[in-house]
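In what follows, a structure is listed as structure tokens, so that the remarks can point back to it.
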Amino acid sequence: MTKGNDTKITDELYAYALAHNPPLDVVQRELVETTYTELPDHAGMQSAQEQGPLLAFLVRLTGARHIVEVGTFTGFSALAMAQALPADGTLLACDISEEWTAYGRQAWEKAGVADRIDLRIAPALDTLRAMPAEPHIDMAYLDADKGNYIAYWEELVPRMRPGGLVVTDNVLFHGRVTDPLATGDTAAIQGFNDHVAADARMDSVLLTVADGLTLSRRR
């Protein structure tokens, strides 16, 4: 068997990768820095810097026009995806915090994409269940409370159009998913990963990007 993990991501190699990816624009950079300055105890919830350009790339690659995001925090990922949408594209952002998403609202306005983002402050399951039942979503980004990942998945997948893409963050959960005695959020992610791998409706690959990222395509 070929072993593919010989390349260890050192700080220097990580910096090299960032330097060879599309740079964050002024608004994105400012939002990242504001999040770490104003919310230092929660800033780890923000999608990794390299995920912004990756999400934008996936929006363009799939030709997405309608995106659903479950878990918005301060809005970095929503900003990156909305900027990649066509002018008439829409992004439905689900979160429960007016405080945290207020930073996102400001950045979206500054970047000129606020009209593409429909922020719903409510339990995400309620928002998802109120959506039309037929397949209509081009792309979804799942990055919210881990205990509900399977429930979110089961609301999203039937609503994905054929070829639609679900991107799920934190699927390695800080490297803890190999713990056979895992509990709490780690156990929830383990269960989610098994659920996704067994779902015949989707083609999925788990990638070692940031904290683990699974890409799932609706068959």
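Positions are given from 1 along the sequence.
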Quiz prompt | Check: Gln46 side chain, Ala43 main-chain N or O, donor-acceptor pair, under 3.5 Å | solution = no
Quiz item: To which residues is Tyr14 joined in a hydrophobic cluster, defined by side-chain heavy-atom contacts under 4.5 Å among Ile, Leu, Val, Met, Phe, Trp and Tyr, whether direct or through other members?
Solution: Ile9, Leu13, Leu18
Exercise. Please list, chain by chain and in numerical order, all residues satisfying ring pair (Phe, Tyr, Trp, His ring centres under 6.0 Å) with Phe57, sequence neighbours excluded.
Key: none
Quiz item: What distance do Leu119 atom CG and Arg105 atom CZ have between them, rounded to the nearest 0.5 Å?
Solution: 4.5 Å
Quiz item: Shared ILVMFWY cluster between Met45 and Phe76, side chains joined below 4.5 angstrom?
Solution: yes
Self-check item: Residue pair Arg116 / Leu91, side-chain heavy-atom distance below 4.5 Å
Solution: no
Self-check item: Ala80 versus Ala56, closest heavy-atom pair with distance
Solution: O-CB, 3.7 Å
Quiz item: Any donor and acceptor pair, going by atom type alone, linking the side chain of Lys146 with main-chain N or O of Ala144 inside 3.5 Å?
Solution: yes
Exercise. Determine whether Met202 and Arg218 make a side-chain contact, defined as any pair of heavy atoms from C-beta on separated by less than 4.5 Å.
Key: yes
Quiz item: Mind checking what makes side-chain hydrogen bond (donor to acceptor under 3.5 Å, both in side chains) contact with Asp95, not counting sequence neighbours?
Solution: none
Exercise. Please list, chain by chain and in numerical order, all residues satisfying salt bridge (charged side-chain N to carboxylate O under 4.0 Å, His left out) with Arg176, sequence neighbours excluded.
Key: none
Practice problem: Name all pairs fulfilling the side chain to side chain donor-acceptor pair (under 3.5 Å) condition that reach into residues 62-73, sequence neighbours left out, sorted by first residue then second. | Solution: Arg65-Asp88, His66-Thr90, Glu69-Thr72, Glu69-Ser77
Quiz prompt | Which atom of Leu31 lies closest to which atom of Gly75, heavy atoms considered | solution = CD2-C, 3.7 Å
Quiz prompt | Joint cluster assignment, Val68 & Leu55, ILVMFWY side-chain distance < 4.5 Å | solution = no
Self-check item: ILVMFWY cluster, Tyr103 and Phe73 together (side-chain gap under 4.5 Å)
Solution: yes
Practice problem: With sequence neighbours excluded, tell me which residues meet salt bridge (charged side-chain N to carboxylate O under 4.0 Å, His left out) with Asp211. | Solution: none
Exercise. Would you name the heavy atoms of Ala200 and Arg219 that are closest together and state the gap between them?
Key: O-NH1, 2.8 Å
Quiz item: Under the salt bridge (charged side-chain N to carboxylate O under 4.0 Å, His left out) test, which residues partner Asp199, sequence neighbours left out?
Solution: Arg201
Exercise. Evaluate the side-chain contact (heavy atoms from CB on, under 4.5 Å) criterion for residues Gln49 and Arg29: first the C-alpha distance (whole Å), next the side-chain angles of each, then the deciding distance (0.1 Å), finally the verdict.
Key: CA-CA 9 Å; Gln49 177 175 325; Arg29 174 62 61 192; 3.1 Å; yes
Show me, pair by pair, the donor-acceptor contacts under 3.5 angstrom made by side chains of residues 122-136, not counting sequence neighbours?
| residue | atom | partner | partner atom | Å |
| --- | --- | --- | --- | --- |
| Arg129 | NE | Glu155 | OE2 | 3.2 |
| His136 | ND1 | Glu134 | O | 2.7 |

Quiz item: Is the closest side-chain heavy-atom distance between Leu213 and Val167 below 4.5 Å?
Solution: yes
Quiz item: Got a sec, which residues hit ring pair (Phe, Tyr, Trp, His ring centres under 6.0 Å) with His42, two or more places apart in sequence or on another chain?
Solution: Trp100
Exercise. Report the residues that fulfil side-chain contact (heavy atoms from CB on, under 4.5 Å) with Ala111, sequence neighbours left out, ordered by chain and then residue number.
Key: Val27, Leu79, Gln83, Val113
Exercise. Only counting residues at least two apart or in another chain, list the ones meeting salt bridge (charged side-chain N to carboxylate O under 4.0 Å, His left out) with Asp118.
Key: Arg120
Quiz item: What distance separates His174 NE2 from Ile189 CD1, expressed to the nearest 0.5 Å?
Solution: 9.0 Å
Quiz item: Does the side-chain contact (heavy atoms from CB on, under 4.5 Å) test come out yes or no for Val70 and Leu156, once each step is laid out?
Solution: CA-CA 10 Å; Val70 183; Leu156 287 168; 4.3 Å; yes
Exercise. Report the distance from atom CD of Glu30 to atom CG of Leu24, rounding to the nearest 0.5 Å.
Key: 12.0 Å
Quiz item: Under 4.5 Å between side-chain heavy atoms, hopping through other hydrophobics if needed: is there a path connecting Leu215 to Ile67?
Solution: yes
Practice problem: Return the minimal non-hydrogen interatomic distance between Gly147 and Asp185, and the atom names on each side. | Solution: N-OD1, 4.2 Å
Quiz item: How many angstroms lie between atom CG of Leu172 and atom CD of Gln190, to the nearest 0.5 angstrom?
Solution: 11.5 Å
Quiz item: How would you list, by chain and number, every residue that makes a ring pair (Phe, Tyr, Trp, His ring centres under 6.0 Å) with Phe192, sequence neighbours excluded?
Solution: Tyr149, Trp153
Quiz item: Does the side chain of Leu165 reach to within under 4.5 Å of the side chain of Leu61, using non-hydrogen atoms?
Solution: no
Quiz prompt | Polar side-chain atom of Asp25 near backbone of Gln28 as donor-acceptor pair, under 3.5 Å | solution = yes
Practice problem: Would you mind reporting whether Val196 and Val166 have side-chain heavy atoms less than 4.5 Å apart? | Solution: no
Quiz item: Counting only heavy atoms not in Leu206, do more than 12 sit closer than 6.0 Å to its CG atom?
Solution: yes
Quiz item: In terms of hydrophobic clusters joined by side-chain contacts under 4.5 Å, are Met139 and Tyr141 together?
Solution: yes
Quiz prompt | Chi angles and distances behind the side-chain contact (heavy atoms from CB on, under 4.5 Å) call for Leu85, Val59 | solution = CA-CA 7 Å; Leu85 279 169; Val59 172; 4.2 Å; yes
